[in-house]
Amino acid sequence: MNKIEKLLLDNEKESENFISDVASHGCVNGCVPELIYYSDTIKFYEENEDLIWEILFDCAESMDTSILTMLDSHNKNVGNLCVFKNLCVWFAVDMTAIKICNEREQVLTDSHGNEIG
């Protein structure tokens, strides 16, 4: 189990639908208490950079696109390195939550009712 999976599973102990909520709504909504503030996401990025880039690479490869194109489609407002690292962390956590839900064979929908994953 990697650090992101552990973070998600630990939080799920407190809230039954935590992982599916992260998968459906994303970290951008502040649903992961440990990853709301830049100071927290930057620290998490620096401690888990290799894992985050592995997730980014795997996702981009599965989507047949580049990492930067994939991240740009997720958030177009990356103006500095701090925001970029924050986006990388949130994206990796979101994708890990989706992966866990898919492994559990849960049908996920976004806020518009569209299936994701």
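All figures in this text were calculated on a predicted structure; none of them were measured in a lab.
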Group every Ile, Leu, Val, Met, Phe, Trp and Tyr by side-chain heavy-atom contacts under 4.5 Å, then state whether Y37 and L87 land in the same group. no
- Note: E34-K3 ion pair, threshold 4.0 Å (strictly below): no
Residues K43 and D40 bridged, charged N to O under 4.0 Å: no
Using modelled atom types and a 3.5 Å cut-off, is there a donor and acceptor pairing between side-chain atoms of N2 and backbone atoms of E5? yes
Separation between CE (M1) and CG (L8), nearest 0.5 Å, reads 10.5 Å
In this structure, CZ of F57 is separated from OG of S62 (nearest 0.5 Å) by 10.5 Å
OG of S39 to CG of N86, rounded to nearest 0.5 Å, is 10.0 Å
Note: F18 and E12 closest approach over all heavy atoms is CB-CA, 3.8 Å
Handout entry: Same apolar cluster: V83 and I36, side chain cutoff 4.5 Å
Key = no
Do side-chain atoms of T41 reach the backbone of Y38 as a donor and acceptor pair under 3.5 angstrom? yes
### Task
State, with a plain yes or no, whether a side-chain heavy atom of C27 is found less than 4.5 Å away from one of V89.
no
- Establish, from distance only, whether the side-chain atoms of W53 and Y45 form a donor-acceptor pair under 3.5 Å. yes
Legend entry - L7 backbone acceptor or donor facing N11 side chain under 3.5 Å: yes
**Study point:** side-chain contact (heavy atoms from CB on, under 4.5 Å) between I19 and L9, intermediate numbers included
**Key:** CA-CA 7 Å; I19 295 175; L9 293 169; 3.6 Å; yes
Output for pair (I52 CD1, E54 CD), nearest 0.5 Å, gives 11.0 Å
All heavy atoms of M70 vs all of C59, minimum pair found to be SD-CB, 3.6 Å
* Does atom CG of D64 have more than 12 heavy-atom neighbours, drawn from other residues, nucleotides or ligands, at distances under 6.0 Å? -> no
For C31 and V22, the nearest pair of non-hydrogen atoms, with its separation, is SG-CG2, 3.6 Å
Test side chain to side chain contact (heavy atoms under 4.5 Å, CB included), reference I4, set L51, L35, N48, output is L51
Given the options L71, I67, I55, C88 meets side chain to side chain contact (heavy atoms under 4.5 Å, CB included) only with L71
Nearest heavy-atom approach of A23 to C101 is CB-SG, 4.1 Å
